[in-house]
Every structure is written in structure tokens, then in C-alpha cells.
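So the structure is just underneath, and the comments pick up after that.
We use all heavy atoms of the structure for the numbers below, so side chains are in, but hydrogens, waters and symmetry mates are not.
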Amino acid sequence: MDVLKDFGKRIKELRINSGMTQEALATRADLDRSYVGAIERGEKNLSLVNIEKLANAMGIDLYYLFEDERFAARLASVKKELKKPLESRFVCLVNLEAQLLWLKITGPLTESDVAHISKYVKSQILLMEKGEIKMLIDNRLMVKEGQAFVFNPDAYDAWEELQIWLIPHLKRVAVLCNSKFMQNQLERMANRSGIVSISRRIFNGNFEAGNKEAYAFLGITEDQLPQENARQTEI
């Protein structure tokens, strides 16, 4: 096994899964783009400092770079999904009686998409009782051709801003993740935003088991979930 080539392939697959170009990764990691290209080709023996820069740029912990969870490198699939209308990638459902907001995200989002979503979510939150709102966010259908993918860092930055605004309004929030990659990214985000104390990020290959854990954490039943024909997203 060529350690450098294997590590370079790992960086490339995570970068592409995040919807990032080499230039974007280099900028966020404060590294030269040609250097990042050489890393991905297995031509550079990195220092631990630069490995940590790459991990931070992708919003993940250093240890996750060495996890066995792998992804196919298909940036074209992400770009194709982004061309679909936002309404086909995001649905927001509300149960005012249960003070429950349910977000379902089924495709990648851009920074602009998150800005639209934030505006809509805030408008719904302001109709509910401050400090008593429960939120369920389901990202598990962010999968294309069997390949799970995550949001790009710019979209995550915008989402983190929304989290900070949400904190005083929420009682609890459960986030269902499609991979350990997403779970790790969102764990870091939750710690940065401060929402970690009232939230839980759940990754479970068994959908039903994941649902049960989320419902138990939120203190809700499946019957309280709003229906698809109720208060859907209009953005």
C-alpha cells in the first residue's frame, strides 16, 4: 500500500463529497492550490500541521480522516442535484399544537439556498412559543445513487449562523445524519454555535432505530409529526 496515494485519495473523496474544488479547499486551509493537488495525487508527505489544516477546512475532526467510511468521488452528481429546484431538496413541516418543526433535506444546499431556508424557518419559528419549540432535522435522504453526501462548507457556515439565532427559541433539536462524516461535521458546528447542550446528532444505519432515538430525545411520538400536506415550504 502506498500511504501517500491512499491518503491523497481520501482527501479528494472528502473534498468532492463536500462539494469543494481544490481551490476552495486550499483557500479554507490556507494552502496553495498546487500543493493540495499534489497531496491528492500522493506526491506530498504532509506535516501534521497541514493535515489538521485540511481537516479543519472540511469541518471535521483530525481522527475522522482515518475512519474507514469511504465515498466515491463524483462531483458531477452534486452539481446535477444543485440544479434542481430548492423545493425538491427541502421541505419544512409544522405542528403548531405540538410546537414541532420538521425539516427534511434531500439534496445538497448552497449558501444562497440556506439563506432562503433561514428566512422561511425564522418566519415559522416566530409563530411558535419561544423556548418550547422542538425541531427534527432529517438529512438521511441526502443520497444519490447510493452515495451519501454532505453540505459544502459555505452552506455550513450559513447554517451555523441560523443555529445561533435559533438557540433561544428551541427546547430541543435532533438531527438525523446520513453518515459519520456528516455527524462529525455537525458535532463540531454544534459546539461552535453553542446549540450542543440542547441538541443531538444521530447516525444509525437502521432508519427505524434512528427515528426512535430522535423521537425519544425530543419527547414526541410519531403521531405528532406534521403531514406532508400541512404548512409546507414556500420560499
Supply the atom-to-atom distance [X] [atom1] to [Y] [atom2], rounded to the nearest 0.5 angstrom.
X	Y	atom1	atom2	value
Leu186	Glu160	CG	CD	10.5 Å
Ile39	Asn50	CD1	CG	6.5 Å
Asn95	Ile220	CG	CD1	9.0 Å
Asp113	Trp159	CG	CH2	10.5 Å
Lys122	Leu162	NZ	CG	6.5 Å
Ile11	Ile16	CD1	CD1	12.0 Å

Considering residues at least two apart in sequence or located in another chain, which fulfil the side-chain hydrogen bond (donor to acceptor under 3.5 Å, both in side chains) criterion with Gln224?
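Applying side-chain hydrogen bond (donor to acceptor under 3.5 Å, both in side chains) to Gln224 gives none.
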Listed by chain and number, what are the side-chain hydrogen bond (donor to acceptor under 3.5 Å, both in side chains) partners of Asn184, not counting sequence neighbours?
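In terms of side-chain hydrogen bond (donor to acceptor under 3.5 Å, both in side chains), with neighbours along the sequence ignored, Asn184 is linked to Asp61, Tyr63.
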I'd like to check the side-chain contact (heavy atoms from CB on, under 4.5 Å) partners of [X]; sequence neighbours left out, ordered by chain and number.
X	value
Arg172	Phe217, Leu218
Lys84	Glu81, Ser88, Arg89, Lys144
Pro168	Lys130
Ser34	Asp32

Does some side-chain heavy atom of [Y] sit less than 4.5 Å from a side-chain heavy atom of [X]?
X	Y	result
Ile125	Met135	yes
Leu86	Leu109	yes
Leu166	Val173	no
Glu161	Val114	no
Lys44	Leu4	no

Between Arg28 and Asp154 (salt bridge meaning N to carboxylate O under 4.0 Å), is one present in this structure?
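Salt bridge between Arg28 and Asp154, a charged N being under 4.0 Å from a carboxylate O: yes.
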Do any N or O atoms from the side chain of Asn178 and from the backbone of Met142 form a donor-acceptor pair under 3.5 angstrom?
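Pair found, side chain donor or acceptor close to backbone of Met142.
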Gln185 side-chain N/O to Met58 backbone N/O, donor-acceptor pair under 3.5 Å
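Indeed, once roles are kept as given, a pair shorter than 3.5 Å links the two residues.
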Among residues two or more places apart or on two chains, list those pairs meeting ring-ring contact (aromatic ring centres under 6.0 Å, His included) that have a residue in residues 129-152.
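Passing the test, one end in residues 129-152: Phe151-Tyr156.
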With sequence neighbours excluded, give me every ring-ring contact (aromatic ring centres under 6.0 Å, His included) pair touching residues 175-201.
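Qualifying pairs, neighbours excluded: Tyr64-Phe181, Phe71-Phe181.
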Please collect all salt bridge (charged side-chain N to carboxylate O under 4.0 Å, His left out) contacts where either partner lies in residues 173-183, sequence neighbours excluded, each pair once.
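Counting only pairs at least two positions apart or across chains, the salt bridge (charged side-chain N to carboxylate O under 4.0 Å, His left out) contacts touching residues 173-183 are Glu67-Lys180, Asp68-Lys180.
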Treating Ile, Leu, Val, Met, Phe, Trp and Tyr as nodes and any side-chain heavy-atom pair under 4.5 angstrom as an edge, say whether Val196 and Leu170 lie in one connected cluster.
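Looking at the clustering, Leu170 is in a separate group from Val196.
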Show me the pairs that pass side chain to side chain donor-acceptor pair (under 3.5 Å) and involve residues 193-202, at least two apart or across chains.
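Output for this query lists Gln163-Ser193, Glu187-Arg201, Ser199-Arg201.
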Pairwise side chain to side chain donor-acceptor pair (under 3.5 Å) hits with a residue in residues 205-220, at least two apart:
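Only Arg140-Asn211 qualify under side chain to side chain donor-acceptor pair (under 3.5 Å).
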Would you mind telling me which of Leu93, Leu103, Leu176 makes a side chain to side chain contact (heavy atoms under 4.5 Å, CB included) with Leu136?
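Of all the options given, the one that passes is Leu176.
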Check the surroundings of atom CD in Glu132: do more than 12 heavy atoms from other residues, nucleotides or ligands lie under 6.0 Å from it?
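Yes, enclosed.
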Residue list, salt bridge (charged side-chain N to carboxylate O under 4.0 Å, His left out) with Arg41, at least two apart or on another chain:
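Listed in chain order: Glu43.
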Which pair of non-hydrogen atoms, one from Ala57 and one from Pro153, has the smallest distance, and what is that distance?
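For Ala57 versus Pro153, the nearest heavy atoms are O-CG, 3.8 Å.
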